[in-house]
Structure formats: C-alpha cells, structure tokens
Number of protein chains: 2
Amino acid sequence: MSRTVLKALDVLECLAFSGQSLSAPEVAERCGLTRPTTYRLLSTLAARGYVAGGQDGRFRLGNKMLSLSKRLLEYAQLPQLARPELERLCQFAGETVHLGALEDIEVLYVDKVESLTAARMYSIVGSRSPLHSTSLGKAILAFLPDSERTMLLERISLAQRTPNTITDRGRLEEDLRVVRERGYAIDDVENEEGIRCVGAPILGNAGMPIAAVSISGPVVRMTASRVDDLAPALLETGRRISQKFGYISPIRDEPATAASDPAAPTTAPLGEP
Amino acid sequence: MSRTVLKALDVLECLAFSGQSLSAPEVAERCGLTRPTTYRLLSTLAARGYVAGGQDGRFRLGNKMLSLSKRLLEYAQLPQLARPELERLCQFAGETVHLGALEDIEVLYVDKVESLTAARMYSIVGSRSPLHSTSLGKAILAFLPDSERTMLLERISLAQRTPNTITDRGRLEEDLRVVRERGYAIDDVENEEGIRCVGAPILGNAGMPIAAVSISGPVVRMTASRVDDLAPALLETGRRISQKFGYISPIRDEPATAASDPAAPTTAPLGEP
DNA sequence: ACCAGCCGTCCGGCATCTCGGACGTGTCGG
DNA sequence: CCGACACGTCCGAGATGCCGGACGGCTGGT
C-alpha cells in the first residue's frame, strides 16, 4: 500500500537480517534504493531509535525494536517460566492453579495445574472467561494503568454469571481498588456456581500486569478464611514469576548492563513472607 | 524527516505500548491520524507481519517484530547464558577460555575465563581482534552464509600479525572450508607470538553464528595434538550454548509451539561425545 | 602531489500519498 | 420497525516525498 513505509521496512529488515552494521550505501544497494532516499529513511528510523547510527557512518538495529517486542517476548516465555512455580503452588495449596493472560477483553487460560487430590475439572486451557467475574481478570484489571483499565471497562459488559457477580461498574471499581491495596483478587462465587478463587497478578518489567495466577476450589474447601490463608503463598508465586521477567528490564533504549541470572534455581520453600 | 514513516512508527508504538489489540479507529484516535491513513498504514504493516490483524478488525503487534530483534536478544543474553559453560570448559581444559562475537569487521571479546593454574594474560574483554588471524574469527567466518562471508572478506585487510598469519585470500577461504568440515577453527600462532588457540562457533536459532568460544594457551602446553584432544569438549560447549538459544527458534512468524526449557539444568560431564 | 573514486548532501520534475469529505453497510437502541 | 451511529471504503485537491542528476569533501592509490 504505502510504498514509502514499505521501503522503510525494507531498510529495517535489511539491517536486522544482516545482523551486522551496514553503511548507508550498503543498505541502499541491498534494498535497491537510491542514496538520498536511503539517508532519509535511515535518519528517520534513527531518530526514533529503530536503528542505531554509529558516528562512523554505519548503522545497526536499535534497541527500540527490543523494547517494542518486550510484550511479545513475555507472552512467549510466560508458560515455560511459570510452570514450575505453578506446580509448587498447586502442591502447596492442594487445589487447582490457573495461569491466565489478558487477551482483548477477556482472560485467556494459558495453563493449569490440578491437584491430585482435588476432583478434576474439565479442561479450560485455551478458553476464555470474563474479566469482571474471575479472580484472574480482576487481578489483572486492578493493576493496569488507569487509562488502560478505563478503556477496558468501557468495552466489557459486566454480564451476570452467578448471583454474586458484580454487575455494577461503580462496585467493580471499588472492588478493584481493594484488590490493589490487598495485592490479590477474590472471586467469591462470582463466575461459576460453587467455585471460589483467589488471584494475584504477574507483573512484567514495566510494572504492567502481563498475566495472573489463581487458586480455585469448591466452596466446601475454599472457605473465605482459607482464601486469606492461601493468599501469601499465592502472592509469593506471583512475585517469583514476575521476577523471572526482570532480566529484560535493564534493556532500556541504549545502556545494557548486567542482569540477574533468570535460570538461577530458587528452592526456598513457599510460605508466609 | 519522512513524515509518512514517522506516522507508521507511531502506529507501531501505539500497538506495542498498549499491549492489547486495538481497533483501527482506536489506533487512529491514539495516534491522531485520519481513518483512511490509519487503514493504509495498518494494512501496510500487516502485509509485512509487523502487525497481526484479527478477522474481528482488531490489530495487535505481529511476531515479525520479535524475529527482527532476535539477533539483538541473542546478543543481550549471550554473556549470561554462556558464562557457566565457559567456566566448565575452562576447568576441563585448564586454559584460558574466550567468548567472542562478530562486531563489524572484527571479533569483539565479550567474556573471558582464566584457569587458576595458567599464567594470567592481560585483560582483553572489550577489545577487538582481526577475524582472519584468530580462532574465534575464523570459527565465525566459516559458518556465516556465503554471501555474508564474501562481503566481510572484501572488507578486511588480512594484515600480517605473525609469520604464520594467513594473508592470502585464497588460502584463508581454503582454511575456512576445512573449518566448516572439521567443526572447529585453529589459530596456529597466527595472531600472537607463542599463543595457539582452538575455536568453535555458537549458532543461533537460524543456524547463523552469533559468537564463538575458544581455548587459548602458550605453545609449550597447547601443542597441535592437544588442540585436537581439546576439540571435542570445545565443540560440545559450543553446542550447549547454541542450544540455550534454541527456545527462540519456534517463534517463526505466526505459529507458536512449545519449546524445550532453556533453564533445565544440564550437569552431564564434559568430554568425548 | 595529483587524480580518481566514493561518500554524503542538495536541488527541480514528477509520482505518490495524505487529507477532508461523502457513501454504503452493519449493528445497536429506541 | 426505523433511526442513529460508527465502521470501513472510495474519491478529488493539495501537499509531500521520491527519483535523477550534480555538487563539495574526503580517502587512497600512483
């Protein structure tokens, strides 16, 4: 469509695939562009940080590319990084543990670990649930930036799933305020009859919630008091997974410093902090 | 400079920072663009995979962004991922181990591990050496795609560093052919008097060499036969580090499948395969 | 020292893209 | 059922960026 933009993307890809720094004439030759056009596009891309121009007149890909795809990276790594923590939490709690990520206006179930002792629930990995009626959804919603949360709340319907579902916008916002202070969200039989959940957010490098963990169980076992008892371990699990995404954070837009090893084995026991 | 490209970048950043899928009008509103322009830019970016457009008319960042910054990612993660393997190799070989990456037309020393028993060499991390006279450089050169290697060979000078340095383009290309078959490169006192080295490549997701490992030592200990004895462990180290970059490989341009856990502890002893 | 070749930049003619506006369509609400 | 709104698309006027060409400045070779 827009031929100018296509050329700019050509330049970007040319630099990315070469992997090396290229001089402007080299870029021009590889992309089949004239020199003036190449200089204009390179300086435009450089002004935004998409390419980094050395003073020696050579250009390489800029770190802006990385910071833009941070979110994609987190999403791609989420299941692998979260798995062991989910299993530990499940073993500790003896209840089903879910991992959910925000997708559009719903929460997408990304992973699930079921306790051996708990009755098996049907598989819901890959399915979606509303944001306003689940602990996963509320945990994510609560920690979104105000603007994002507002835009999302505008678009969701607050449908009644059970008698306990919060269907009033004001009451939901009040609940989210409590979640922010408390650190975790409670689904008090608001999404499914007979099921009570606790959820805690997983925060990415920029403090943005990229997902959430939850513990779910039948009301007969998941009493209100047990929910609060499980909360500290749940929060600890959320923090642990969040930390695993910390190693991307030092990559800002230019300086690259050392980072903690994300693969370092942490075998400390779960429990009260 | 190029106002059209700047707008396209605005759209890209808007989608990246929102993290969520946005409808075209939302993008238009956030970026302050008119609807027709927004549609054109979005479809242009979508045609190249920079944004992924759902059939529901919503757009999110495409995986092309990730595949473009793969190289940057690898480079950022290289030191952390390679460290433990370098240390094991150093302990096994009892000689100095280097990690080097291609930067422009030279090899950049990224990390170094020195044996306790070996005499300390001056610190060279951060410095550069020629490609044609080092085992690191030749290991990288040998496994580059033909076109890249040719372009690089055009630009380097084949300066004589020692009497053994290969200063003839034809002989160098023949040596690189041997390196490709054998799997590792030998610096037979070609870069520094009295120092002999073996180097093996570290291959990234696409089979492109992103760095190399080497074992260096004084000729009195690093005889030609010892070089060959150390080669299997060196190659194994290169393979191990290469594998750590494998988890990015499943991320092609759309399908995202499960990957092997990069953090899995591998404690098998080094040695002959 | 000279010359040659390349690099980076600047200028006119032309093609292309953008803007503003308007149209047909689908959905939601009354 | 109809009206209203928003979405996605299409069109002319105008502006903007692109191509081809040409100019200083530099490096490297002779």
Side-chain angles (χ1 to χ4, degrees), chain A residues 1-15 18 20-48 50-60 104-105 151-160 167 169, chain B residues 1-15 18 20-48 50-60 104-105 151-160 167 169:
Chain A
M1 284 286 184
S2 178
R3 181 131 187 79
T4 305
V5 173
L6 289 177
K7 288 175 199 203
L9 299 181
D10 283 339
V11 170
L12 220 52
E13 291 172 25
C14 158
L15 285 172
S18 88
Q20 275 297 298
S21 63
L22 296 176
S23 70
E26 279 171 345
V27 173
E29 203 261 341
R30 291 196 185 206
C31 299
L33 300 175
T34 65
R35 266 90 56 175
T37 303
T38 306
Y39 281 108
R40 182 184 344 231
L41 293 179
L42 277 173
S43 61
T44 304
L45 292 170
R48 292 299 194 87
Y50 289 82
V51 311
Q55 12 283 63
D56 55 350
R58 303 188 68 80
F59 297 85
R60 52 180 197 80
D104 203 355
I105 60 169
M151 298 194 63
L152 231 50
L153 289 177
E154 297 286 348
R155 295 177 52 211
I156 63 181
S157 72
L158 270 49
Q160 184 122 27
T167 56
R169 167 81 176 263
Chain B
M1 282 287 184
S2 178
R3 183 137 182 76
T4 305
V5 174
L6 288 177
K7 287 176 198 200
L9 298 181
D10 283 339
V11 170
L12 218 52
E13 291 172 24
C14 159
L15 286 172
S18 90
Q20 274 298 298
S21 62
L22 297 175
S23 71
E26 278 169 345
V27 173
E29 202 261 341
R30 292 194 186 208
C31 299
L33 300 174
T34 64
R35 265 91 58 176
T37 302
T38 306
Y39 281 108
R40 181 184 344 235
L41 294 178
L42 277 173
S43 61
T44 304
L45 292 170
R48 292 298 194 88
Y50 290 81
V51 311
Q55 11 283 64
D56 55 350
R58 303 187 70 78
F59 296 87
R60 54 178 196 81
D104 203 356
I105 59 168
M151 300 193 63
L152 231 49
L153 289 177
E154 298 285 348
R155 293 177 53 212
I156 64 181
S157 71
L158 269 50
Q160 184 123 27
T167 56
R169 167 80 177 263

- Message: Just checking B:E29: does its CD atom have more than 12 heavy atoms from other residues, nucleotides or ligands closer to it than 6.0 angstrom?
- Response: no
- Out of C:dC10, D:dC19, C:dC17, whichever nucleotide has its closest atom nearest the side chain of A:P36: C:dC10
- Message: Is A:K7 close enough to D:dC19 that one of its side-chain N or O atoms is under 4.0 Å from OP1 or OP2 there?
- Response: yes
- Does a nitrogen or oxygen in the side chain of B:R40 sit under 4.0 Å from OP1 or OP2 of C:dT18? yes
- Which one, C:dC17, C:dT18, D:dG8, comes nearest to the side chain of A:T4? C:dC17
- Task: Could you please name the option among C:dG21, C:dT9, C:dG8 that lies closest to any side-chain atom of A:P25?
- Result: C:dG8
- Of A:R35 and B:S23, whose nearest nucleotide on DNA chain D comes first from the 5' end? B:S23
- Message: Is it the case that over 12 heavy atoms from other parts of the model lie below 6.0 angstrom from the CZ atom of A:R30?
- Response: yes
- Message: I need the CG-C1' distance between A:L41 and C:dG8, as an integer number of Å.
- Response: 15 Å
- Query: Is the shortest heavy-atom distance from the side chain of A:M151 to the side chain of B:Q20 under 4.5 Å?
  - Reply: no
- Message: Counting neighbours of CZ on B:R3 that are heavy atoms of other residues, nucleotides or ligands and sit closer than 6.0 Å, is the number greater than 12?
- Response: no
- Task: Let me know the distance between CG of A:L22 and P of C:dG8, rounded to the nearest Å.
- Result: 13 Å
- Note on the structure: Closest non-hydrogen atoms of A:T44 and B:S2, given as atom of the first, atom of the second and distance, are OG1-N, 3.2 Å
- Rounded interatomic separation in angstrom, taking CG from B:L33 and P from C:dG20: 11 Å
- Query: OP1, OP2 of D:dC18 versus side-chain N and O of A:T37: anything below 4.0 Å?
  - Reply: no
- Item | Shortest side-chain distance from A:Y39, nucleotide among D:dG21, D:dG17, C:dC7 | C:dC7
- With respect to the phosphate group of D:dC19, does any side-chain polar atom (N or O) of A:T34 fall under 4.0 Å of OP1 or OP2? yes
- Message: From CG of A:L42 over to C1' of C:dC7, roughly how many Å is that when rounded to an integer?
- Response: 14 Å
- Query: What is the distance, rounded to the nearest whole Å, between atom CE of B:M1 and atom P of C:dG8?
  - Reply: 14 Å
- Whole angstrom value for the distance that separates C1' of D:dA6 from CZ of B:R58: 14 Å
- Query: Nearest-Å distance, CZ (B:R155) to P (C:dC6)?
  - Reply: 16 Å
